[in-house]
Participant: 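Sending over a structure as structure tokens; questions will come in a sec.
Only this structure's heavy atoms are used, side chains among them; waters, hydrogens and symmetry mates stay out. Treat the numbers as computed from the prediction; the structure is a model and nothing was measured. In the text below, chain A, chain B and the rest are named by the order of the sequence lines, each starting its count at 1.
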Amino acid sequence: MKKIVRITAAALAALALSAGAALAEYPEKPITVVVSFAAGGNADIVQRLQAEAMSEQLGVPVNVINKPGGAHIPATMSVLEAPADGYTIFNWSPPSFMVVPLTRDVPYEPLKDFTPLFASISASNALYVRADSPYTTFEEFLEGAKAEKLTMGVNNLGAPPNLSAVQMANEFGLEFKTIALKTVPATMAGLIGGQVDVAVGQVASIYAYKDEVRPLIILDNNRRAFFEKDLPGVRTVGEAFEGKEAGVWVHGGLAVKAGTPQEIIDKLLAASEVLGTEEFQAKLPKSVGYHWVHGPEGVTALIQEGVDLYSPILDGLGLLHKK
Amino acid sequence: MLANTDALLLALTQLSQPITILLLVLGIVIGLIIGILPGLGPPIAIALALPFTFYLEPVPSIILLLGIYSAAIYGGSISAIAVGIPGTGAAIATVQDGHKMFSAGRGGEALGFSLTGSIFGGLVSVICLAFIAPLLAEFAVRFGPRENLAISVFGLMVVVRVAGKSLSKGLLMGALGLFLTTWGLDELNGTERYTFGSYHLYEGLPLVPFLVGLFAMSEVFISAERAHHKIQFNQSSLRVKLPGWQTLVKMKDVLIRSSLIGTVIGIIPGEGAAVGAFFAYSEAKRRSKKPQDFGTGIAEGIVAPETANNATVGGALVPTLTLGVPGSPAAAVLLGALIIQGLSPGTQLFAEHPDLMYAIFVGLFAINILMIFIGLIAIRFAARLIMVPTAVIVPTVMLLSFVGVYSVSNSFFNVGVMLGAGILGYVVRKLGYSIAPLSIGFVLGPILENSLRQSLTLADGSVQEFFNTPIGLSIYAALALTILWAPVAGRFNRRRTK
């Protein structure tokens with residue numbers, strides 16, 4: 001009997017030791033980051049740059065794989081189906097963590113099934129008209145939009161630019177014929193080509209279409225760091241009209257499966273610290289907005305803000321999924 | 001526009017760097033291999049190379065990717081001709097005549113025609129891109145929902161008429177293709193259509209797995225039935241033969257027309273190389289004095305689609321570089337590469353980076369020239385594929401398709417779609433229907449639905465507003481003409497001979 005106890009104790013001790021050793025050694029093999037977009041877009045590009053920087057910190061390769069399709073759900077689920085060991089990390093974004101869970105019956109809950117590490121890539125929306133448009137100010141545009149039903153270009157129905165447009169229409173009592181042109185650049189091209197009268201693009205869209213379009217207002221309440229870099233001198237709705245609401249929530253970052261050991265989370269947080277530095281951000285394409293929030297608590301609060309902002313707007317459109 | 005000599009010289013200096021030249025050759029070789037493999041097409045080829053461009057300067061990285069893009073589009077025709085399975089969607093239209101000619105013991109000749117056509121189309125589209133890109137951008141920007149609707153209707157009708165042998169069977173297959181694209185979430189109101197309770201189907205049936213299944217898998221199933229079938233050939237069919245000058249002169253109309261068709265289709269966002277190739281094939285057939293010969297293995301049936309699909313490369317770059325809107329799925333990944341380099345593709349790119357623009361024009365030209373030599377080496381091997389027994393080819397193609405389709409989005413669901421589409425393709429072909437119109441319906445379906453519904457919103461209930469599009473109306477008129485011309489002319493001729 002004693003012998004059995006001794007063996008068991010020894011075995012347990014060995015197990016504890018090896019477990020400790022395993023944790024101490026993390027990461028000991030390549031880490032995979034799952035991106036739910038196809039290769040080549042902003043989200044993918046920034047993720048690849050981030051993976052490279054984190055790989056230097058962690059000392060193992062950080063590989064990016066793309067799993068597009070299925071309304072971002074297959075990519076999200078593939079991370080939840082993998083063990084919570086920090087070797088499969090999810091690149092979360094507005095569709096996977098916000099719009100799709102709010103509008104569809106999905107088999108996951110972002111804040112319950114994941115532990116977010118940080119938020120980095122961000123964007124804000126702005127209202128644009130053609131450079132030769134008769135509307136030179138937002139006030140002139142308001143008058144025009146009240147006199148006739150203008151055609152509004154957005155990328156996709158239910159996506160942040162559309163939600164910004166809807167919120168603006170609600171706040172200012174306007175009505176539009178809304179055309180979804182699939183991507184933000186296609187929306188801007190549609191505006192330039194005269195397919196639509198006015199369009200909601202991103203603040204950074206200005207870089208590609210400088211002489212062809214005119215920004216009227218930034219569809220946000222508060223001023224954020226990158227506004228002055230992208231659209232100097234353009235007001236936000238919050239600054240120009242007291243009491244009018246304009247919110248936009250476009251964020252993305254990394255998250256691990258809930259239940260990942262705290263030691264691993266700490267290591268990943270330490271390794272991602274570099275992504276918040278000026279040196280790293282200087283490496284990003286200038287069309288990328290960056291809003292750095294580090295640590296699970298801050299990011300969870302940020303995601304909750306988005307849910308509070310978009311739930312009523314989506315509900316108004318009849319798109320909110322009621323559980 | 002070509003007045004800025006400083007920028008041109010700078011571009012030439014950058015292009016003559018040894019690393020750039022090396023990457024140019026490497027790009028063509030990688031592109032060719034990936035193009036030949038069924039399942040792996042230009043977008044995935046460029047995406048695979050994308051991470052390497054992080055460490056490169058803008059010019060070498062874009063040259064590498066353009067080499068891959070051009071060669072992958074061409075490479076698809078090699079497997080289309082030699083095995084009867086299009087290596088990429090772009091080569092679907094090449095299978096009919098290409099593989100027939102190959103099976104008739106004229107493989108070397110068929111491969112020579114496709115190489116010549118590809119180079120010609122590629123060069124013409126580069127010239128268009130270099131000299132009239134701003135003008136073409138004007139044209140691209142005019143293509144809104146109503147214009148896209150018109151061109152999709154046109155494409156569907158014209159292509160379906162020629163892609164199959166019987167009109168009614170072709171229409172039926174085209175409609176089946178359209179129907180299958182209605183699967184997935186409704187983009188306007190989020191309704192679930194034929195999702196069968198699976199979120200995998202939320203974005204509909206994925207394009208690449210579906211096409212690979214339809215063409216490659218069904219071909220695999222069918223050739224598995226006749227594993228002992230032997231193709232007759234002699235030594236001369238192994239010899240690669242480029243068409244002579246006289247043959248080219250005789251085909252100059254087909255070459256030029258197909259190049260222009262490809263370039264224009266490439267410019268229109270959403271319509272890729274496959275559509276361009278089919279347009280050119282159907283136009284060549286329609287204009288031919290012997291349209292009944294198409295599909296039996298004639299040179300025009302190879303040259304027309306191969307010229308057009310490589311011409312879509314230059315065309316697709318027009319909106320990509322001048323508007324920031326990719327003209328094809330492959331161009332979308334290319335756009336990402338430019339963004340990584342800190343560039344903002346859009347209306348500003350030409351003005352801000354003239355040297356990069358020149359490097360792209362000259363580089364693409366060089367790529368097409370070099371592709372002649374690298375292509376010749378590749379098809380010398382391909383011509384010998386005829387000696388490989390079916391029992392070896394079938395499992396190899398099957399394995400490559402599995403790997404290729406899985407790697408596009410790392411998803412087993414897509415492999416399932418490929419198998420399902422393979423069975424569908426097999427059944428359809430066994431019943432005596434053609435899969436080409438089915439694939440065209442599937443490719444054009446989403447554009448058709450989107451542009452129709454956007455046009456309806458724009459028109460807001462007014463018929464007049466719906467047709468308020470000069471470009472669209474001329475496309476509809478051309479469609480009416482193509483459909484009615486033959487019967488009306490026939491009647492007129494009969495009356496005259498009486």
Participant: Against chain B, work out which of A:Asn66, A:Val64, A:Val213 has the most heavy-atom pairs shorter than 4.5 Å and name it.
Facilitator: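 Among the listed options, the one with the most contacts to chain B is A:Asn66.
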
Participant: Is any side-chain heavy atom of A:Asp211 less than 4.5 Å from a side-chain heavy atom of B:Gln348?
Facilitator: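 Yes - at least one pair of side-chain heavy atoms lies under 4.5 Å apart.
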
Participant: At a 4.5 Å cut-off on heavy atoms, which part of B:Pro145 comes close to chain A: side chain, backbone, both, or neither?
Facilitator: both

Participant: For B:Ile340 and A:Arg48, what are the C-alpha separation, side-chain angles and deciding distance, and is it a side-chain contact (heavy atoms from CB on, under 4.5 Å)?
Facilitator: CA-CA 10 Å; B:Ile340 290 179; A:Arg48 282 168 194 270; 5.6 Å; no

Participant: Hey, which of A:Gly69, A:Gly194, A:Ala189, A:Gly190 has the most heavy atom pairs under 4.5 Å with chain B?
Facilitator: A:Gly69

Participant: Contact part of A:Ser287 toward chain B, heavy-atom cut-off under 4.5 Å: side chain, backbone, both or neither?
Facilitator: side chain

Participant: Please look at A:Leu181 and chain B and tell me whether the side chain, the backbone, both or neither of the residue comes under 4.5 angstrom of a heavy atom of that chain.
Facilitator: both

Participant: Quick one: do B:Leu50 and A:Asp44 satisfy side-chain contact (heavy atoms from CB on, under 4.5 Å)? Show the steps, please.
Facilitator: CA-CA 11 Å; B:Leu50 195 63; A:Asp44 176 63; 4.2 Å; yes

Participant: Which bit of B:Ser411 is near chain A, if near means a heavy-atom gap under 4.5 Å: side chain, backbone, both or neither?
Facilitator: neither

Participant: Measure distances from A:Thr103 to the heavy atoms of chain B and classify the residue's part below 4.5 Å as side chain, backbone, both or neither.
Facilitator: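 Nothing of A:Thr103, per the 4.5 Å heavy-atom cut-off to chain B.
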
Participant: What residues of residues 203-212 of chain B sit under 4.5 Å from chain A when only non-hydrogen atoms are counted?
Facilitator: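 Only B:Glu203 of residues 203-212 of chain B have a heavy atom under 4.5 Å from chain A.
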
Participant: Looking at every heavy atom in both A:Pro185 and B:Gly324, which two are closest together, and how far apart are they?
Facilitator: CB-O, 3.2 Å

Participant: Who wins among B:Leu185, B:Ile44, B:Leu335 for the most heavy-atom pairs under 4.5 Å with chain A?
Facilitator: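 Highest number of pairs under 4.5 Å: B:Leu185.
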
Participant: With the side chain counted from C-beta on, respond yes when A:Gln195 and B:Glu147 share a heavy-atom pair under 4.5 Å apart, and no when they do not.
Facilitator: yes

Participant: Check the surroundings of atom CD in A:Glu175: do more than 12 heavy atoms from other residues, nucleotides or ligands lie under 6.0 Å from it?
Facilitator: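 Result for CD/A:Glu175: open.
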
Participant: Is it the backbone or the side chain of B:Glu352 that comes under 4.5 Å from a heavy atom of chain A, or both, or neither?
Facilitator: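 Just its side chain gets close to chain A.
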
Participant: With a 4.5 angstrom heavy-atom cut-off, is it the side chain or the backbone of A:Leu284 that approaches chain B, or both, or neither?
Facilitator: neither

Participant: Can you say whether B:Ile339 sits under 4.5 Å from chain A via the side chain, the backbone, both, or neither, judging by heavy atoms?
Facilitator: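 Contact with chain A is through both the backbone and side chain of B:Ile339.
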
Participant: Calculate, to the nearest 0.5 Å, the distance between atoms OH and OG1 belonging to A:Tyr207 and B:Thr347 respectively.
Facilitator: 14.0 Å

Participant: Which value, rounded to the nearest 0.5 Å, describes the distance between B:Leu458 atom CG and A:Ile179 atom CD1?
Facilitator: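 Output value for this atom pair is 3.5 Å.
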
Participant: Output the distance between atom CG (B:Leu338) and atom CD1 (A:Ile45), rounded to the nearest 0.5 Å.
Facilitator: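 Going from CG on B:Leu338 over to CD1 on A:Ile45, the span is 9.0 Å.
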
Participant: Nearest 0.5 angstrom please: A:Met77 CE to B:Tyr199 OH, how far?
Facilitator: 4.5 Å

Participant: Check each atom of A:Lys149 against the heavy atoms of chain B and say whether the ones under 4.5 Å are side chain, backbone, both or neither.
Facilitator: side chain

Participant: Which answer fits B:Glu138, side chain, backbone, both or neither, if we ask what part of it has an atom under 4.5 Å from a heavy atom of chain A?
Facilitator: neither

Participant: Count the heavy-atom pairs under 4.5 Å between each of A:Pro68, A:Ala38, A:Gly70, A:Pro107 and chain B, then report the option with the highest count.
Facilitator: A:Gly70

Participant: Could you tell me which portion of B:Phe413 (side chain, backbone, both or neither) has an atom closer than 4.5 angstrom to a non-hydrogen atom of chain A?
Facilitator: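 Neither; nothing under 4.5 Å.
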
Participant: Would you mind telling me which of B:Leu201, B:Val333, B:Asp460 has the largest number of heavy-atom pairs within less than 4.5 Å of chain A?
Facilitator: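 Top count of heavy-atom pairs under 4.5 Å with chain A: B:Asp460.
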
Participant: Would you mind checking which part of B:Asn450 comes under 4.5 Å of any heavy atom in chain A, side chain (CB onward), backbone (N, CA, C, O), both or neither?
Facilitator: side chain

Participant: Between B:Arg142 and A:Gly193, which heavy-atom pair has the shortest distance, and what is it?
Facilitator: NH1-O, 3.7 Å

Participant: Could you tell me the separation between the OG1 atom of B:Thr457 and the CE atom of A:Met152, rounded to the nearest 0.5 Å?
Facilitator: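 If we round to the nearest 0.5 Å, B:Thr457:OG1 and A:Met152:CE are 14.0 Å apart.
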
Participant: Crowded around A:Glu228 CD? As in, over 12 foreign heavy atoms under 6.0 Å?
Facilitator: yes

